[in-house]
Amino acid sequence: MPVPDAQTHYANYAKEKGYTSPVWMVALFQERRKELYYEFSLWYDLCRCNFVEEWLNCEYPKNGGATFYNTSTGKYYVPSGIDYNEPWDNASEAERASMIPVTPRVWDWNPIHLVYPIPTSELTANSLCDQNPGY
């Protein structure tokens, strides 16, 4: 089985997903996402490198709350109620063959979330300390 060239693979991946950052950065975060999954450090790395917004928009694009996506037609399926599987249950067998689950996203990224709020106890203890913007 031939092993694909990593640079070609990640260049194609970045183009397919819509990344505008350098290919090495996309590759780095994709590998860190897999290798360090249970260390829960990806979010902090994304914040530190100011890559959060692009990563969210490319990996989890806004989709109006859809829970399934049809790879053949490019259509998103949004449930009408609280049952996330409703689009799958109502789809024909032919549609199901091309449907993949997606993470529902309806919110915009807000850079305020790059930092956490400073606890009130710390603000009270130190009068020279100011709260982070947005909190």
Side-chain angles (χ1 to χ4, degrees):
M1 171 185 269
V3 177
D5 174 45
Q7 186 171 1
T8 303
H9 169 75
Y10 283 114
N12 291 338
Y13 181 82
K15 182 179 176 185
E16 175 186 305
K17 289 287 193 168
Y19 282 101
T20 57
S21 294
V23 173
W24 69 264
M25 198 168 191
V26 175
L28 175 75
F29 281 104
Q30 289 306 311
E31 289 301 313
R32 287 188 63 79
R33 182 181 186 182
K34 294 176 218 162
E35 295 293 330
L36 303 172
Y37 181 76
Y38 287 108
E39 295 186 21
F40 308 108
S41 62
L42 178 64
W43 179 253
Y44 303 105
D45 292 342
L46 291 169
C47 291
R48 186 174 22 259
C49 295
N50 201 22
F51 196 58
V52 175
E53 185 171 12
E54 183 174 9
W55 186 80
L56 282 172
N57 290 338
C58 292
E59 296 297 327
Y60 300 100
K62 284 180 65 176
N63 57 21
T67 55
F68 287 93
Y69 175 74
N70 190 315
T71 57
S72 299
T73 63
K75 177 183 175 187
Y76 282 101
Y77 297 88
V78 180
S80 61
I82 60 170
D83 181 11
Y84 278 13
N85 289 324
E86 177 192 356
W88 177 266
D89 295 338
N90 295 338
S92 67
E93 287 299 319
E95 278 183 306
R96 286 183 184 180
S98 300
M99 288 172 68
I100 59 171
V102 294
T103 301
R105 179 174 169 217
V106 294
W107 45 270
D108 288 318
W109 164 247
N110 188 337
I112 287 173
H113 301 296
L114 284 172
V115 294
Y116 290 112
I118 298 173
T120 306
S121 59
E122 294 299 320
L123 293 171
T124 305
N126 184 353
S127 62
L128 298 176
C129 188
D130 294 325
Q131 183 59 273
N132 285 327
Y135 293 100

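On a predicted model such as this, the values are computed, not experimentally measured, just so you know.
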### Message
Let me confirm one number: the NE2-CD distance from H113 to E53, rounded to the nearest 0.5 Å.
### Response
12.0 Å
### Task
Could you pull out the closest heavy-atom pair between C129 and I118, with the gap in Å?
SG-CD1, 3.9 Å
#### Entry: Test item: S80 and E86 side chains (from C-beta on) under 4.5 Å apart, heavy atoms
yes
### Query
Heavy-atom distance under 4.5 Å between the side chains of E59 and Q30, does that happen here?
yes
### Task
Give the intermediate values and the outcome of salt bridge (charged side-chain N to carboxylate O under 4.0 Å, His left out) for residues R32 and E35.
CA-CA 5 Å; R32 287 188 63 79; E35 295 293 330; over 6 Å; no
## Note on the structure
On a heavy-atom basis, the closest approach of T67 and P87 is OG1-CG, 3.7 Å
### Task
Verify whether one side chain among E122 and Q131 offers a donor that lies under 3.5 Å from an acceptor in the other.
no
### Query
Is a side-chain N or O of T71 found less than 3.5 angstrom from the main chain of S98, in a donor-acceptor match?
yes
### Query
What's the spacing between L42 CG and K34 NZ if we round to 0.5 Å?
12.0 Å
### Heavy-atom pair with the smallest gap, counting every atom of V52 and C47
CG2-N, 3.6 Å
### Query
With under 30° as parallel and over 60° as perpendicular, where do the rings of F40 and Y38 fit, or are they tilted in between?
perpendicular
### Summary
In terms of heavy-atom contacts, Y44 and Y116 come closest through OH-OH, 3.7 Å
#### Entry: Working for side chain to side chain donor-acceptor pair (under 3.5 Å), residues R96 and N70
CA-CA 8 Å; R96 286 183 184 180; N70 190 315; over 6 Å; no
### Task
Please assess R33 against W55 for the test side chain to side chain contact (heavy atoms under 4.5 Å, CB included), listing each intermediate value before the final yes or no.
CA-CA 11 Å; R33 182 181 186 182; W55 186 80; 4.0 Å; yes
### Query
In this structure, are over 12 heavy atoms from other groups packed under 6.0 Å from Q7 atom CD?
no
### Task
Can you establish whether the number of heavy atoms outside N50 located under 6.0 Å from its atom CG is more than 12?
no
### Cluster link L28 to M25, ILVMFWY, side chain under 4.5 Å
yes
### Query
ring pair (Phe, Tyr, Trp, His ring centres under 6.0 Å) with F51: which residues, sequence neighbours excluded?
Y19, F29
#### Entry: Spacing of D108 atom CG and N57 atom CG [to the nearest 0.5 Å]
8.0 Å
### Shortest non-hydrogen contact from P79 toward G65
CD-O, 3.7 Å
### Message
Rounded at 0.5 Å granularity, tell me how far CG in D89 sits from OH in Y84.
### Response
15.0 Å
#### Entry: More than 12 heavy atoms from other groups under 6.0 Å of CH2 on W43
yes
### Query
Going only through I, L, V, M, F, W and Y residues with side-chain contacts under 4.5 Å, is there a path from L56 to V102?
no
### Query
Got a second to check how far N63's CG is from T103's OG1, nearest 0.5 Å?
8.0 Å
### Message
Return the CG to CZ distance between N90 and F68, rounded to the nearest 0.5 Å.
### Response
11.0 Å
#### Entry: same_hphob_cluster(W109, Y60) at 4.5 Å side-chain heavy-atom cutoff
yes
### Query
Is it true that W24 and L36 fall in one hydrophobic cluster, defined by side-chain heavy atoms closer than 4.5 Å?
no
### Message
Donor-acceptor pair, distance only, cut-off 3.5 Å: does the side chain of Y135 make one with the backbone of V115?
### Response
yes
## Note on the structure
Tightest non-hydrogen contact, residues A91 and M99, listed as CB-SD, 3.6 Å
### Task
Please name all residues satisfying ring pair (Phe, Tyr, Trp, His ring centres under 6.0 Å) with Y77, sequence neighbours left out, ordered by chain then number.
none
